[in-house]
Amino acid sequence: MSAPASSRPVRVRFAPSPTGLLHVGGGRTALFNWLLAHGQAKRMGQEGAFLLRIEDTDQSRLVAGAEQGIFDILHWFGIDWDEGADKGGPHAPYRQSERLPMYRDAAERLIADGKAYRCFCTPERLAQVREQQQARKEPPGYDRHCRDLPAGTVAANLAAGMPHVIRFRMPREGETVVTDLLRGDMVFQNVNMEDLVLLKSDGFPTYHLANVVDDHDMEISHILRGEEWIPTAPVHLRLYAAFGWDAPALAHMPLILAPGGGKLSKRHGSTAMEEFRSQGYLPEALMNYLALLGWSLDGEREIFSREDLLDLFTLERVNPSPGTFDYAKLKWFNQYYINHIISLDDLTMRVLPFLANAGMIDAAAIGNPDHPDVARVRPAVALLKDRLETLADAPEHLGCFLVDQLPPYDTATLIPKKGTAEDTLAALQAVARVLPEVDLDDEAAAEARFRALADELGVKAGNLFMPIRVAVTGRTQSPGLFETLRVIGTARCGERVQQAILALGENGMAAG
RNA sequence: GCCCCCAUAGUCUAGCGGCCCAGGACGUCACCCUUUCAAGGUGAAGAUCGCGGGUUCGAAUCCCGCUGGGGGUACCA
C-alpha cells in the first residue's frame, strides 16, 4: 500500500444496496476489499477487517429478500466478513436505515457550522430549472437558490412545516485534489461541483452523507469502490474536511464493460453472481476469473485458489483501465476447475443438485455422501468430467448412466455414415448374442472381443462401435466405449441393444 | 454541452527508458492422439504497443495535443 506502513489497522467495507441481485462488478469489488484486508494487510503484519454494510437509504428501490440474497451469494462466493448487518460488531448497526439519527445529527452540525443549508425547493421547481438549463444549453445543475436564504425565511418555512432537504455548501472557489491509490492525483475545480443533497426530505441520508458518516464512524482506512464514484469523490473529501475528519485512502476499481462496449447488462448475458451460481459455475472458478479481470500477478500465472489470492494479492497490481467481461474465458476457467482442480468426490457432490433438479436422482442425496445415488453418480462423473463446462451440463451428459429407460432413438444416428440399416441391424444382433459372454468389467478383454466381432462381420471396428455407442447411450458422443459399457452394466446394455434392434427393425421396414 | 477516467492482438493482461522488430492466457486455425465427442500434446496466424508531436544517444515505457472508448452530470446508489 502506498499509505505509510503504519500499524493503523486496515479496515475496509463492502456496502451494497439491497435493490436486487449482486452484480459481478460488485462481487469483484467485494473480493478486492476482502483480499486487501484479509490478505495484503495481514501479510504486512497489520490488523485487517472486512465489513459488510447495507446501504438501504433509498426506500423506493428496496427489494424484499435482496439483503439476504447478498449475504448468501457472498458466502457461496467464499467471502466472509468480520462485522456486518447480519452479525453485528463494535460499530453496530451496520444497516443505514437503522442509523438515521446519526445522519440527522451530522447534517444539523454542518448547518450550525454554516457548512450546509436547508433547501425548500420542490422537485417541480428543480425539474423546471433543469428544463430551462437544457433549453438554453447550459450545464444542468442545482442553481443554489436556497444557499443564502435569509434566516427569517428559513425560520418561517420551518414553522410552516415546509418539506426540505439539507444541501452541502460546496466551496465556490479553489480546487480539490483527490488522491487515488491506482491513478495518483486527480484535480477538480470546485466551481464545477454541485451543492449535493445530504439529507432527503424523508429524513433519509443520501449516499454522500451516509457513506462519509459511516466510514468515519466505522474507522474505515481504505475505500475501494467502483470507478463510477470518481466524480463525487471531491465532494466527499470536502465533506470530511467540513466535519474536521481525516478521509480514508481512496482507490477506485476499474469498470467491467460488456463485450460490445458500454456497461455490462442483461442484453449481453448474465450479470448477477446468482445467475452464475444457478448456471453451474464454481465459486472458485468465478473468483479466479474475476480476480484476473483487473488484477494480475505477473501476466504469466493464471490459476489462483482463494488461498493463493490471499497470499499474493496486492492493490498496487490492480490495473486502472476498464476491462471487458469475457464469458468464454470464464467458461474455460470453470471447465478447467471441474476437470483439473477439484477432486472427483467434490465434483460428484456438486453435481447432485443439478441432477436432482432434472429428476435423475433422489434429492435426498444432496449433501449426503453416503446416499446410494452418490455411488451411482460418481463413476459416471469420472468418465464425463472432462467435458462438463458447467455443473448444469451434468444432466445432459450423465443422463444415460442414471436413467433406466432411454428416450426413443433417432434411428438415423444408429446407422454409421457409410453403413446400411441391414448391416447395422445384423451387427447389433450379433452384439446381442455376444454380450452375455463378455465380462464388461474387463475393458481390455471386452474391447478384444468386439474387435474380433468386427472382423467376423467384415466391418471396421468404428462401424461396429458407433451403433453400440448410440444403442447404449442414445448419443453419438460418449466417453470411450468400453468404459462406458462397464459403467452402464451388462443388464442395461443388453436391454438397450434389444431396444435399438427393435427400433431399427421397424424403421428399416418403413424406410425399405 | 460540461467535468473526469482510461488507452499493448477479437478479449484479459506482462512490460514501469536499452534484456521487446513486445511475453503469457482465452478465443481462432492446423496437426498429433483416437472407436465418437471432449480432454491432452505440438504448432500457427493475430499488436506499425490508438494517432501526431516532443524529451532522450535510445520510448510501448516520460511530457503535450488529438482521436477513440468509458463514467458522471437525481431528494439512485
Side-chain angles (χ1 to χ4, degrees), chain A residues 15-17 19 55-58 60-61 119 121-123 126-127 130 133-134 136-142 163-167 178 180 182-183 186-189 191-194 196-202 204-208 210-211 225-234 252 254-255 257 259 261-263 289 292-303 317 319-333 335-336 339-340 384-389 397 416 447 450-451 454 460-466 468-470 473 475-482 484:
Chain A
S17 295
T19 53
E55 310 223 332
D56 55 348
T57 56
D58 185 351
S60 67
R61 295 206 310 152
C119 168
C121 293
T122 61
L126 295 180
R130 204 170 303 129
Q133 287 166 330
Q134 270 167 357
R136 277 179 269 144
K137 307 235 164 157
E138 287 171 11
Y142 179 57
H164 66 282
V165 301
I166 294 178
R167 284 181 185 273
V178 176
D180 182 284
L182 303 183
R183 298 156 227 269
M186 302 183 284
V187 183
F188 296 80
Q189 299 305 313
V191 239
N192 295 325
M193 294 318 128
E194 285 206 65
L196 292 182
V197 171
L198 300 179
L199 204 68
K200 302 184 253 188
S201 55
D202 64 1
F204 278 69
T206 59
Y207 169 84
H208 311 294
N211 120 311
R225 72 220 312 185
E227 188 182 329
E228 67 270 25
W229 291 110
I230 290 179
T232 43
H252 293 90
L255 256 19
L257 270 25
K263 57 180 183 182
Y289 173 69
L292 249 22
L293 184 55
W295 173 83
S296 68
L297 178 69
D298 55 12
E300 303 282 318
R301 223 240 264 202
E302 298 255 294
I303 300 298
R317 291 200 59 85
N319 179 167
S321 60
T324 305
F325 196 89
D326 184 347
Y327 290 94
K329 188 152 189 181
L330 200 217
K331 194 161 263 187
W332 177 81
F333 271 108
Q335 168 271 124
Y336 191 84
N339 194 197
H340 300 290
L384 272 309
K385 75 189 185 86
D386 63 0
R387 64 204 72 197
L388 295 181
E389 290 188 311
H397 284 102
E447 177 167 356
F450 282 104
R451 281 189 186 279
K460 297 211 315 191
N463 279 357
L464 175 62
F465 293 178
M466 187 50 89
I468 301 177
R469 164 175 294 111
V470 176
T473 67
R475 302 165 54 84
T476 55
Q477 302 164 8
S478 82
L481 216 215
F482 301 98
T484 299

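Numbered from 1 within each chain, the chains take letters A, B, ... in sequence-line order.
The aromatic rings of A:Trp229 and A:Tyr207 sit parallel to each other, their planes meeting at less than 30°, with 60° as the upper class boundary.
Regarding contacts with the backbone of B:A77, every side-chain N or O of A:Thr19 stays at 4.0 angstrom or more from both OP1 and OP2. Residue A:Arg317 places at least one side-chain N or O closer than 4.0 Å to OP1 or OP2 of B:G15. The shortest distance between the side-chain N/O atoms of A:Asn319 and the OP1/OP2 oxygens of B:A14 is below 4.0 Å. One finds no side-chain N or O of A:Arg301 lying less than 4.0 angstrom from the OP1 or OP2 phosphate oxygen of B:A25. Applying the 4.0 Å criterion to OP1 and OP2 of B:C76, one finds that A:Thr206 has every side-chain N and O outside that range. One finds no side-chain N or O of A:Lys329 lying less than 4.0 angstrom from the OP1 or OP2 phosphate oxygen of B:U13. In this structure, A:Arg451 reaches the B:U35 phosphate: one of its side-chain N or O atoms is under 4.0 Å from OP1 or OP2. For the OP1/OP2 pair of B:C76 and a distance below 4.0 Å, the side-chain nitrogens and oxygens of A:His208 include no atom meeting the criterion.
B:C21 is unpaired under the Watson-Crick or G-U wobble criterion, no partner having all donor-acceptor distances under 3.5 Å. Base-pair partner of B:A38: not found among the strands shown (Watson-Crick or G-U wobble, both distances under 3.5 Å). Both distances falling under 3.5 Å, in either a Watson-Crick or a G-U wobble arrangement, place B:C26 opposite B:G10. With a cut-off of 3.5 Å on both pairing distances, B:A60 has no Watson-Crick or G-U wobble partner at all. Pairing partner, B:C16: none, since no Watson-Crick or wobble contact has both distances short of 3.5 Å. Base pairing of B:U73 is made with B:G1, judged by Watson-Crick or G-U wobble geometry with both donor-acceptor distances under 3.5 Å.
A salt bridge between A:Glu228 and A:Lys263 is absent, with no side-chain N of the basic residue lying under 4.0 Å from a carboxylate O of the acidic one. With salt bridges taken as basic N to acidic carboxylate O contacts below 4.0 Å, one links A:Arg183 and A:Asp180.
Annotation: A:Phe325 is in aromatic contact with A:Tyr289 [ring centroid separation under 6.0 Å].
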Evaluation steps, side-chain contact (heavy atoms from CB on, under 4.5 Å), between A:Leu481 and A:Ile468: CA-CA 8 Å; A:Leu481 216 215; A:Ile468 301 177; 4.1 Å; yes

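At least one side-chain heavy atom of A:Phe188 sits under 4.5 Å from a side-chain heavy atom of A:Ile230.
In this structure, CE of A:Met186 is placed 12 Å from C1' of B:G72, rounded to the nearest angstrom. The CG atom of A:Asp56 sits 20 Å away from the P atom of B:C75 (whole-angstrom rounding). One can place CZ of A:Arg130 at 6 Å from C1' of B:A74, the figure rounded to the nearest angstrom. Note: CD (A:Glu228) to C1' (B:C3) measures 16 Å, nearest angstrom. Between the CG atom of A:Asp58 and the P atom of B:A77 there is a distance of 5 Å, rounded to whole Å.
B:C20 and B:G1 have their C1' atoms separated by 43 Å, with the value rounded to a whole Å. When the C1' atom is used for both B:A45 and B:C6, the distance is 29 Å, rounded to whole Å.
Between A:Asn192 and A:Gly299, the residue anchored closer to the 5' end of RNA chain B is A:Asn192, taking for each the nucleotide with the nearest heavy atom.
Judged by distance alone with a 3.5 Å cut-off, no donor-acceptor contact links the side chain of A:Thr324 to the base of B:C12.
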